[in-house]
Amino acid sequence: QVRLIESGGESVQAGHSLKLSCIASGRAFETYVMGWFRRAPGKEREFVAVDRRSDGNVKYADLCKGRCTFSRDNAKNMVYLQIDDLEPEDTAVYSCAAKSVYEGNFFYHTEEEDYGYWGQGSQVTVSS
């Protein structure tokens with residue numbers, strides 16, 4: 001069982017950066033792949049970034065356009081998402097999600113249906 005809590009969302013002006021945090025409770029955090037998703041007003045939830053257990057590499061959605069940085073600290077049970085040069089189109093509720101996978105799993109899990117654990121989300125609002 002994993003409980004996820006996001007923080008760091010706020011209202012900012014376009015061009016600014018934000019670093020979102022997600023802390024996970026529970027054990028064996030290192031056995032989970034962690035994903036970031038977002039839901040903009042009136043839209044479906046969409047994938048933003050996810051890591052891969054086999055090598056720790058990260059896959060980013062096209063929406064990042066080179067502006068996103070995913071990181072994690074297993075010692076602290078934390079995962080982060082930094083977004084630079086924010087745009088009004090980035091306005092959304094950002095959620096982290098966790099999926100338990102076997103060691104050596106080399107898939108990037110980009111579908112929300114893959115995940116069994118979700119945080120409540122953190123609101124990011126970007127004004128022009």
Side-chain angles (χ1 to χ4, degrees):
Q1 194 77 5
V2 176
R3 184 182 178 198
L4 305 173
I5 301 176
E6 303 92 338
S7 61
E10 58 182 276
S11 296
V12 298
Q13 289 194 320
H16 286 218
S17 299
L18 274 180
K19 187 172 186 177
L20 305 175
S21 301
C22 171
I23 186 166
S25 65
R27 300 163 63 178
F29 176 68
E30 67 279 3
T31 66
Y32 290 82
V33 293
M34 300 297 296
W36 282 99
F37 292 76
R38 73 182 190 185
R39 189 193 300 270
K43 295 187 177 181
E44 298 292 317
R45 182 182 284 165
E46 60 183 342
F47 161 73
V48 179
V50 64
D51 67 347
R52 182 167 67 180
R53 186 167 180 206
S54 61
D55 55 11
N57 283 350
V58 179
K59 179 179 179 66
Y60 297 98
D62 291 343
L63 63 88
C64 282
K65 294 178 284 187
R67 303 176 298 130
C68 302
T69 303
F70 175 109
S71 58
R72 72 186 287 165
D73 184 340
N74 286 340
K76 296 181 178 179
N77 280 20
M78 296 286 295
V79 64
Y80 309 93
L81 177 71
Q82 177 163 328
I83 309 177
D84 299 320
D85 194 19
L86 282 158
E87 304 168 347
E89 293 73 23
D90 294 316
T91 295
V93 175
Y94 286 75
S95 300
C96 63
K99 175 180 174 59
S100 179
V101 297
Y102 60 89
E103 187 175 5
N105 179 283
F106 57 86
F107 292 107
Y108 289 115
H109 295 277
T110 63
E111 302 295 328
E112 62 175 299
E113 294 78 14
D114 291 342
Y115 293 84
Y117 303 100
W118 290 85
Q120 82 290 346
S122 185
Q123 176 70 49
V124 173
T125 302
V126 185
S127 58
S128 57

Discussion item. Show me the pairs that pass salt bridge (charged side-chain N to carboxylate O under 4.0 Å, His left out) and involve residues 25-40, at least two apart or across chains.
Written reply: Arg38-Glu46, Arg38-Asp90

Fill in: disulfide bond (SG atoms under 2.5 Å apart) pairs, two or more places apart, involving residues 80-128
Cys22-Cys96

Worksheet item: Could you state the interatomic distance from OG (Ser7) to CD (Gln120), rounded to the nearest 0.5 Å?
Response: 8.5 Å

Worksheet entry | Nonpolar side-chain network containing Tyr102, other nodes, edges under 4.5 Å | Phe106, Phe107

Practice prompt. Under the side-chain hydrogen bond (donor to acceptor under 3.5 Å, both in side chains) rule, collect the residues that match up with Lys65, sequence neighbours excluded.
Written response: Glu87

Worksheet item: Which residue pairs satisfy the salt bridge (charged side-chain N to carboxylate O under 4.0 Å, His left out) criterion with at least one member in residues 101-117, sequence neighbours excluded?
Response: Arg45-Glu112

Worksheet entry | Under the side chain to side chain contact (heavy atoms under 4.5 Å, CB included) test, residues paired with Val93 that sit two or more places apart | Ser95, Gln123

Response to the item:
Sorted by chain and number, sequence neighbours left out, salt bridge (charged side-chain N to carboxylate O under 4.0 Å, His left out) with Asp55 holds for Arg52

Worksheet, complete the sentence: Output for pair (Ser71 OG, Asp51 CG), nearest 0.5 Å, gives 10.0 Å

Fill in: For Ala14 against Ser128, the heavy-atom pair lying closest together
CB-CA, 4.3 Å

Worksheet item: Is there a chain of hydrophobic side chains (I, L, V, M, F, W, Y, each step under 4.5 Å between heavy atoms) that links Tyr80 to Val50?
Response: no

Worksheet entry | Linked hydrophobic residues, Trp36 as query - side chain contacts closer than 4.5 Å | Val2, Leu4, Val12, Leu18, Leu20, Phe29, Tyr32, Met34, Val48, Val58, Tyr60, Leu63, Phe70, Val79, Leu81, Ile83, Leu86, Tyr94, Tyr117, Val124, Val126

Fill in: side-chain hydrogen bond (donor to acceptor under 3.5 Å, both in side chains) against Asp85, all qualifying residues, sequence neighbours excluded
none

Item to complete: For Glu89, check side-chain hydrogen bond (donor to acceptor under 3.5 Å, both in side chains) against everything at least two apart and list the hits.
Response: none

Fill in: Contacts of Asn74 that satisfy side-chain hydrogen bond (donor to acceptor under 3.5 Å, both in side chains) - sequence neighbours left out
Arg72

Fill in: Qualifying salt bridge (charged side-chain N to carboxylate O under 4.0 Å, His left out) pairs with a residue from residues 1-13, counting only residues at least two apart or across chains
none

